[in-house]
Amino acid sequence: MEDPVYVPDVLGAPYESATLQLRDDAEGEAVATLVRRRADAPTRRAVLYVHGFNDYFFQTHLADRFVALGFDFYALDLRSYGRSIRAHRRTNYVDDLGRYSEELDLAAHVVREVEGHDTLLVNGHSTGGLVTALWAHHRAGRGIVDGLFLNSAFLDLNAPLVARTVGVRAVHAARHYVSQRPLPGGLGGGYGQSLHVGHHGEWEFDPAWKAIEGIAPYAGWVAAVHRGHRAVARGLAVDCPVLAMSSTASVDGRVWHEGLHKADAVLNADRIALLAPRIGRHVTIVRVPGGMHDLALSGPEVRAQVFDELARWIGAYVPSGTSASAARSLSPDRVNR
């Protein structure tokens, strides 16, 4: 691949972004977007953030924290999400989570080989947590990922979601016929309203890229996620330290209520904690009282606890970046699972 060409990002300085050209897929031309913020002093450590469903990178305060810990910060808007949305493609859609390996491989190549970082910490939120865990599993043994931080990883379907979308088994069985159809019900708007500054939250984000009222997932996406969940249930072999955080409670997020500010309104937090040990042999589990689904968007006191726990874990388990990983092996031209 050619070296990325960065331009000023929509977030403004010091953020810049580069388009990663991907191979054409079933929906035609595909791109991903790599966002970068350099640390104040030269560093050999970097973090790569990967968003969840109906989401994109806008959490600049999260980048601030990583920069303060001595990391160059990168974020990846996956194909058909956020900065990578294109008119000819279905938004937030993929029929195989393994397809994201292409942009993850390219991003890791840029961070490590092109821009010279010795240490790569990967931070996945929600569906991004499932995607990055599966990717790290398939890339085990290559020395690519030095640490994996999972923020409310989507490791299992939420039972109310299953009930609202006619049952995942039926969807999986019919995926070849209805994969590109949105399912009835979908995600409600309560969670989005709990976040956005124009409703009941404190965060500014673009509703065109992160719908406040929620969206209906496509059947093919649900089937792809279900296959990922089955892989987690069987057990993964991620070979780096993993930090899996989740709230201590869950609530129904379809309609706004005050409780959405104190619990996970999207996923079952107990199931996240139960399944996280199956990701690898070195998994640290942290439950966060009062945590929202995106723990980094929780209230000030709660997110301060999240960042404190993250800093302690990084200090204990993530390499300092003074020497390169011993066995990196990644060709950006060969990105098959």
Side-chain angles (χ1 to χ4, degrees), residues 22-28 30 32 50-56 76-82 84-86 88-104 124-138 150 152-188 191 210-211 214-236 238 253-254 264 266-268 271-272 274-276 278-279 293 335-337:
L22 308 175
R23 293 194 297 259
D24 291 356
D25 59 19
E27 294 195 285
V50 182
H51 59 79
F53 180 73
N54 183 33
D55 208 354
Y56 72 103
L76 188 62
D77 277 11
L78 301 168
R79 69 186 72 195
S80 301
Y81 283 89
S84 306
I85 291 174
R86 298 294 184 269
H88 65 281
R89 301 184 62 87
R90 291 172 177 81
T91 303
N92 302 337
Y93 174 73
V94 74
D95 60 2
D96 180 358
L97 298 184
R99 211 175 305 281
Y100 294 131
S101 294
E102 183 177 5
E103 46 255 64
L104 286 164
H125 166 57
S126 196
T127 306
L130 175 62
V131 168
T132 54
L134 294 169
W135 174 69
H137 164 73
H138 288 292
L150 303 179
S152 300
F154 189 10
L155 303 182
D156 192 25
L157 280 174
N158 194 345
L161 175 62
V162 175
R164 295 197 306 274
T165 57
V166 306
V168 68
R169 292 184 183 276
V171 168
H172 190 74
R175 66 188 183 279
H176 298 299
Y177 308 100
V178 299
S179 64
Q180 296 178 355
R181 293 184 184 178
L183 294 173
L187 305 175
Y191 177 59
K210 181 178 176 66
I215 59 175
Y218 289 95
W221 178 87
V222 173
V225 166
H226 180 51
R227 291 194 295 274
H229 290 164
R230 291 193 300 184
V232 172
R234 290 192 298 268
L236 304 181
V238 173
R254 286 174 289 179
D264 191 322
V266 178
L267 298 179
N268 185 317
R271 292 290 295 170
I272 295 171
L274 180 66
L275 289 166
R278 302 187 186 188
I279 294 171
H293 175 57
V335 291
N336 296 327
R337 291 178 62 189

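Since we're looking at a predicted model, the values are computed, not measured.
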Give the C-alpha distance, both sets of side-chain angles, the deciding distance and a yes or no for side chain to side chain contact (heavy atoms under 4.5 Å, CB included) between Leu150 and Ile279.
-> CA-CA 11 Å; Leu150 303 179; Ile279 294 171; 3.4 Å; yes
Over all heavy atoms of both residues, which pair between Ser126 and Gly52 is shortest? Give the atoms and the distance, please.
-> CB-CA, 4.2 Å
So, does Asp77 use its side chain to make a donor-acceptor pair with the main chain of Tyr56 at under 3.5 Å?
-> no
Mind listing the closest non-hydrogen atom pair of Ala133 and Val238 along with its distance?
-> O-CG2, 3.6 Å
So how far is it from Ile215 CD1 to Lys210 NZ, rounded to the nearest 0.5 Å?
-> 10.0 Å
Is the side chain of His229 donor-acceptor paired with the backbone N or O of Leu130 at a distance under 3.5 Å, no angle test?
-> no
Should Leu134 and Val131 be marked as a side chain to side chain contact (heavy atoms under 4.5 Å, CB included) after you check the CA-CA gap, both sets of side-chain angles, and the distance that decides it?
-> CA-CA 5 Å; Leu134 294 169; Val131 168; 5.9 Å; no
Run the side chain to side chain contact (heavy atoms under 4.5 Å, CB included) check on Val50 and Leu104 step by step: do they pass?
-> CA-CA 9 Å; Val50 182; Leu104 286 164; 3.9 Å; yes
Keeping the roles fixed (side chain from Arg278, backbone from Ala233), state whether a donor-acceptor pair exists under 3.5 Å.
-> yes
Indicate yes or no for a side-chain donor-acceptor contact from Ser80 to the backbone of Arg89 under 3.5 Å, with no hydrogens or angles considered.
-> no
In this structure, OG1 of Thr127 is separated from OH of Tyr100 (nearest 0.5 Å) by 8.0 Å
Describe, in one word, how the ring planes of Tyr191 and His293 are oriented to each other, choosing from parallel (under 30°), tilted (30 to 60°) and perpendicular (over 60°).
-> perpendicular
Does Asp264 have any salt bridge (charged side-chain N to carboxylate O under 4.0 Å, His left out) partners at least two apart in sequence or in another chain, and if so, which?
-> none
CH2-CG distance between Trp135 and Leu97, expressed to the nearest 0.5 angstrom = 14.5 Å
So, does Glu103 use its side chain to make a donor-acceptor pair with the main chain of Leu76 at under 3.5 Å?
-> no
How far does CG of Asn268 sit from OG of Ser152, to the nearest 0.5 angstrom?
-> 11.5 Å
Less than 4.5 Å apart, any side-chain heavy atom of Phe53 and any of Phe154?
-> no
What are the two closest non-hydrogen atoms of Ile272 and Ala153, and how far apart are they?
-> CG1-O, 3.3 Å
For the atom pair CZ (Arg234) and CZ (Arg230), what is the distance rounded to the nearest 0.5 Å?
-> 6.5 Å
Nearest-0.5 Å distance, CG of residue Leu22 to CZ of residue Arg79 = 5.0 Å
Looking only at heavy atoms, the pair that brings Trp221 and Tyr93 closest together is N-CE1, 3.9 Å
